[in-house]
> 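If you scroll down you'll find the structure; I have some questions about it.
Predicted model only: the values in this text are computed from it and were never measured. Naming: A, B, ... by sequence-line order, numbering from 1 per chain.
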Number of protein chains: 2
Amino acid sequence: MATMTNPARRRLKPDERRAAMLDAAGDVLLKDGIGALTLRHLALQLGVAPGLVNHYFPEIEALVAEAFARIAEGEVATLFAAATGISETVAPDPGAPDPVAQIARLVTDLLDPQRRPVSLLWLDAWQASRNRPRLRAAVIAAMDLWQDRLCALITDGGFAAPDPAAAATRILALIDGLSIQAVMDEPGVQGPDKTGHAILRGMVIDGVERELGIRLGLV
Amino acid sequence: MATMTNPARRRLKPDERRAAMLDAAGDVLLKDGIGALTLRHLALQLGVAPGLVNHYFPEIEALVAEAFARIAEGEVATLFAAATGISETVAPDPGAPDPVAQIARLVTDLLDPQRRPVSLLWLDAWQASRNRPRLRAAVIAAMDLWQDRLCALITDGGFAAPDPAAAATRILALIDGLSIQAVMDEPGVQGPDKTGHAILRGMVIDGVERELGIRLGLV
DNA sequence: GCGCTTGTTGTCCACTTGATCAACAGGCTT
DNA sequence: AAGCCTGTTGATCAAGTGGACAACAAGCGC
């Protein structure tokens, strides 16, 4: 529904069209992966001629990189906003949950099964960025963003982590690694689903608690 | 040139040719990734007509899956043999290195920068297996193999891990996640190389020690 | 209202992929 | 040494890719 074939092929302003393309590209990325983000596929989704995509994005790679960056940065913003409380107020009032609750919320949201498409996209991006410099730059930037934000959360929280940056890196690595296992285990309905959601969740929680020297109040 | 008639274009027996193809396919996988394992590329490497590859592997996917399985299983066998085999350290009893040394050796080998191509292949395989059932099966089997072997090592070692299986999963996830960061950070010469080999190594060691309640004698 | 800028179209190109197949020839059997 | 089984060839197919292009037309300024 984000991109229904436009029966009335309007003539949009450049930035409108460009934005529409980025939106559609994001949908394609999350739904079908980087490999499916082709000129014709995107044009079809937009109800538009293939050449038009090329007109706005002379190089497909730029489109991929930009669409990925959009999704990744949006995710970071959303998740950290939810964890730290929507208000950006500097005052430590009711608006600011206690540090442990912030971490707990962040971990909970990160492990939400609905985030699965994003995990798949990350996996896709890591691999595809091998041969695509612009995408690689976007991926590295997004990873650094995650690292910085989480590190700040840990530092500000005053946890008993000797090296907040290293703790953040390890936590993210743990989540990434376990997400891969979850991704691999899921769609194949064969097997006992060894790394089901609950177990995966428990593992991340254990790791985080061990890393930060706290007890998250999570089940 | 393209098919410079192999000076020695011998006529091999079916199983010889098949084995040669799997070997060459493995080389391609480690050197250029799954995406480079095409009929023509492989045929060129072998000095053989493209159709011949298709003759032995009617579906390319089967070739990919089999070549990957070969590499992955070979790696597991090699690394665990080195870890549990005749001790190269100062362990007094030749036949059985002490458990901590086994883990230390395994971790050391796993973090060897020379293993980088294998990390890239794994990353590639995780992503590519999304649309390739046979490769997916091989990947899952290899992951299970890693899990089982490491879990056995932990269990037999009698470490203070409440849940050996979970500990193994978390350790592998940590290594995978950190390997991804290493892979992403390396080739781009920009930046201060935040997750350089030494730092990465330290993080894995810390994580393993925390997971198993031991001190590896590693620097 | 007309005219022109420019968003948009649809087709075309060169290239790569996996796969097929008749024809060729290597080398073991007789 | 002859003959045949079969490993091997190389041309060819259809599909799909990113990219380039002249021509069309929508909508704004005059």
> Roughly how many Å is it from CG in A/Leu42 to P in C/dT9, rounded to a whole number?
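Between P of C/dT9 and CG of A/Leu42: 12 Å.
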> Should A/Arg105 and A/Asp109 count as side-chain neighbours, where that means a heavy-atom distance under 4.5 Å?
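Yes; the side chains approach each other to less than 4.5 Å.
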> Output the rounded distance in Å from CG (A/Asn54) to P (D/dT17).
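So the two atoms are 13 Å apart, to the nearest Å.
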> With nearest nucleotide decided by heavy atoms, which residue, B/Lys13 or B/Ile60, maps closer to the 5′ end of DNA chain C?
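Closer to the 5' end of DNA chain C: B/Ile60.
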> Name the nucleic acid region contacted by A/Leu52, choosing base, sugar-phosphate or nothing; use a 4.0 angstrom heavy-atom cut-off, strictly under.
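Result for A/Leu52 = base.
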> Quick one: A/Leu44 CG to C/dT9 P, roughly how many Å, whole number?
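After rounding, the gap between these two atoms is 12 Å.
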> Tell me the interatomic distance from A/Leu12, atom CG, to D/dC28, atom P, rounded to whole angstroms.
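Distance check: A/Leu12 CG to D/dC28 P gives 12 Å.
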> Considering residues, nucleotides and ligands other than B/Arg134, do more than 12 of their heavy atoms fall under 6.0 Å from its CZ?
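Result for CZ/B/Arg134: open.
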> Side chains of B/Met203 and B/Gln181: does their closest heavy-atom pair fall under 4.5 Å?
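SC-SC contact between B/Met203 and B/Gln181 ruled out.
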> What is the separation between atom CZ on A/Arg40 and atom C1' on C/dT16, rounded to the nearest whole Å?
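Computing the A/Arg40:CZ to C/dT16:C1' distance gives 13 Å.
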> Taking all non-hydrogen atoms of both residues into account, name the closest pair between A/Ile34 and A/Ala128 and its distance.
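The pair with the smallest heavy-atom distance is CD1-CB, 3.9 Å.
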> In whole Å, I'd like the distance from the CG atom of B/Leu37 to the P atom of C/dT17.
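Going from B/Leu37 (CG) to C/dT17 (P), I get 11 Å.
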> Expressed in angstrom and rounded to an integer, what is the separation of B/His55 atom NE2 from C/dA23 atom P?
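The distance from NE2 of B/His55 to P of C/dA23 comes to 18 Å, rounded to the nearest Å.
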> Between C/dG18, C/dT9, D/dG19, which nucleotide gets closest to the side-chain atoms of B/Thr38?
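Nucleotide nearest to B/Thr38's side chain: C/dG18.
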> From the list D/dG10, C/dT9, C/dC13, which nucleotide is the closest neighbour of the side chain of A/Ala49?
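Nearest nucleotide to the side chain: C/dT9.
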> Closest heavy-atom contact between B/Ala125 and B/Val139?
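Shortest heavy-atom separation between B/Ala125 and B/Val139 comes out as CB-CG2, 3.8 Å.
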> Just N and O in the side chain of A/Tyr56: are any of them under 4.0 Å from OP1 or OP2 of C/dT8?
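For C/dT8, OP1 or OP2 has a side-chain N or O of A/Tyr56 closer than 4.0 Å.
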> A/Arg132 CZ to D/dT17 C1': how many Å, rounded?
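Rounded to whole Å, this separation is 11 Å.
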> With a non-hydrogen cut-off below 4.0 angstrom, is B/Pro58 in contact with a base, only sugar-phosphate, or nothing?
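Sugar-phosphate contact only.
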> Just to confirm, is there a sub-4.0 Å distance from OP1 or OP2 of C/dT8 to any side-chain nitrogen or oxygen of A/Arg17?
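For C/dT8, OP1 or OP2 has a side-chain N or O of A/Arg17 closer than 4.0 Å.
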> Could you check whether A/Leu39 gets within reach of a base, just the sugar-phosphate, or nothing at all, counting any heavy atom under 4.0 Å?
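If one applies the 4.0 Å heavy-atom cut-off, A/Leu39 turns out to touch a base.
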